[in-house]
Trainee: 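Here it is: the structure, laid out below.
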There are 2 protein chains.
Amino acid sequence: MDIETRAQEFEQALRRAGVRITRQRAALLRVLAGAGDHPDANQLYQRASEAGAGVSLATVYRTLSALETQGVILKLEFEGEPARFEPADGRHHDHMIDVETGEVMEFVNERIERLQAEIAAEMGYEIVRHRLELYVRRKT
Amino acid sequence: MDIETRAQEFEQALRRAGVRITRQRAALLRVLAGAGDHPDANQLYQRASEAGAGVSLATVYRTLSALETQGVILKLEFEGEPARFEPADGRHHDHMIDVETGEVMEFVNERIERLQAEIAAEMGYEIVRHRLELYVRRKT
DNA sequence: ATAAATGCAAATGATTTGCAGGCTC
DNA sequence: GAGCCTGCAAATCATTTGCATTTAT
């Protein structure tokens, strides 16, 4: 799926929720749709600005939280750094962070997901959401 | 192990690292040693103050980070709240947070630990540390 | 037309830090 | 006695918010 298509899907989701698509938001959606990495609010602000969109950082934050509320993007809060964001389109995955380089990788493991659900169930709970982050170093 | 014994073990660890044991730190160590919950900096500050120790919040933070550096306590950063701390004496465990009540529970699962190590290894990494949090709701 | 969104600057909240005087080793 | 510690207040940093003005629908 190309960037424009994905951006339009984001727009639909927002419109459906009654959120207005302003010039700023349209620009942000495109930046997000094209982000292969996991940018933070400030990086998104930079990218949108470079793309010629007149956007303020406050609006970036406000838009990000609207998008998060609509479930269009996910907020990632890794240790010791500002929150990062990623499109929420794919399937659920967890993250692995290289502590030397800062690189963020994604991974999926069905067995871990199942075990988590079992653990919660055994204690009489159901999982609302979870957070699994592996801080790793390249093996020598 | 009683509170005083644990507090003294904390002191030893700090002394060994060349950190001075001041009246404030001694008090903090006792508060931490006696904490069955997972208090944040401000709660520790309150408790130490109530216990009659004249401590400032700045010193609480400075002491907590010294303790963390020495590996005596662990810092927990759950979503949307100030950092909490717990003594690092027991075996490793992860946390489950009841999103309704805020209650924090601990759990251990060897299989999940092993799977995490395997996942990292498959991608050529070794785990430095990890974070696994289950945000749960009591089953209806 | 009207309610929602924007930009700016000021406010927040948690945590950190500079500095002058104190206290531990 | 020397240097680490402390308390205080001011500084940071990411994020949020009040308000007057603009804009999408």
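Just so it is clear, the values below take in all heavy atoms, side chains as well, and ignore hydrogens, waters and symmetry mates. Numbers restart at 1 for each chain; the letters A, B, ... are given by sequence-line order, proteins then strands.
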Trainee: Flag the pair A:Phe78 / A:His95 as yes when their ring centroid distance falls below 6.0 Å, and as no otherwise.
Mentor: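 They qualify: ring centres under 6.0 Å apart.
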Trainee: For the backbone of A:Arg20 and the side chain of A:Arg25, can you confirm whether one donor and one acceptor N or O come within less than 3.5 Å of each other?
Mentor: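 Present.
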Trainee: Output the rounded distance in Å from CD (A:Glu77) to P (D:dA14).
Mentor: 14 Å
Trainee: Once you round it to whole Å, what is the distance between P of C:dT15 and CG of B:Asp40?
Mentor: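 Value for this atom pair: 7 Å.
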Trainee: Touch check for B:Arg62, heavy atoms < 4.0 angstrom, all strands: base, sugar-phosphate only, or nothing?
Mentor: base
Trainee: With DNA chain C as reference, determine whether A:Val60 or B:Ser65 sits nearer its 5' end, using the nearest nucleotide of each.
Mentor: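 Closest to the 5' end, via its nearest nucleotide, is A:Val60.
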Trainee: With sugar-phosphate meaning primed atoms plus P, OP1 and OP2, does A:Gly18 contact a base, only sugar-phosphate, or nothing at under 4.0 Å between heavy atoms?
Mentor: nothing
Trainee: Assuming nearest nucleotide by heavy-atom distance, tell me which of B:Arg20 and B:Ala58 is located more 5' along DNA chain D.
Mentor: B:Arg20
Trainee: Check whether any side-chain N or O of B:Thr22 sits under 4.0 Å from OP1 or OP2 of D:dT6, and answer yes or no.
Mentor: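 The answer is yes; a side-chain N or O of B:Thr22 sits under 4.0 Å from OP1 or OP2.
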Trainee: Which whole-number value in Å describes the distance from B:Gln43 CD to C:dA14 P?
Mentor: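 One finds 11 Å between P of C:dA14 and CD of B:Gln43, rounded.
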Trainee: What is the distance from OH of A:Tyr45 to P of D:dT15, rounded to the nearest Å?
Mentor: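 Nearest whole value for this atom pair: 15 Å.
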Trainee: Closer than 4.0 Å, any side-chain N/O of A:Tyr61 to the OP1 or OP2 of D:dT15?
Mentor: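 True: A:Tyr61 side-chain N/O within range (under 4.0 Å) of D:dT15 OP1/OP2.
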Trainee: Any carboxylate oxygen within less than 4.0 angstrom of a Lys/Arg side-chain nitrogen, looking at A:Glu79 and B:Arg129?
Mentor: yes
Trainee: Should A:Arg15 be listed as having a side-chain N or O under 4.0 Å from OP1 or OP2 of D:dT25?
Mentor: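 Yes, within the criterion.
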Trainee: Just by distance, with hydrogens left out, do A:Glu50 and A:Gln46 show a side-chain donor and acceptor under 3.5 Å apart?
Mentor: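 No pair is found: no donor N or O on one side chain lies under 3.5 Å from an acceptor on the other.
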Trainee: What is the separation between atom CD1 on B:Ile21 and atom C1' on C:dC25, rounded to the nearest whole Å?
Mentor: 11 Å
Trainee: Rounded to whole angstroms, how far apart are CG on B:Leu44 and C1' on C:dA14?
Mentor: 14 Å
Trainee: Can you see if the side chain of B:Ser56 gets near the phosphate of D:dC8 - specifically, an N or O under 4.0 Å from OP1 or OP2?
Mentor: no
Trainee: Looking only at side chains, do A:Gln8 and A:Glu4 share a donor and an acceptor under 3.5 Å apart?
Mentor: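 A:Gln8 vs A:Glu4: donor-acceptor pair found between side chains.
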Trainee: How many whole angstroms separate atom CD of A:Glu81 from atom C1' of D:dT15?
Mentor: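 Going from CD in A:Glu81 over to C1' in D:dT15 covers 16 Å.
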Trainee: Give the rounded distance in Å between these two atoms: CG of B:Leu57 and P of D:dA11.
Mentor: 18 Å
Trainee: Does B:Arg25 put a side-chain nitrogen or oxygen below 4.0 Å from OP1 or OP2 of D:dC4?
Mentor: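 False: B:Arg25 side-chain N/O out of range (4.0 Å or more) of D:dC4 OP1/OP2.
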Trainee: Does a side-chain N or O from A:Gln24 land closer than 4.0 Å to OP1 or OP2 of C:dG7, or not?
Mentor: yes
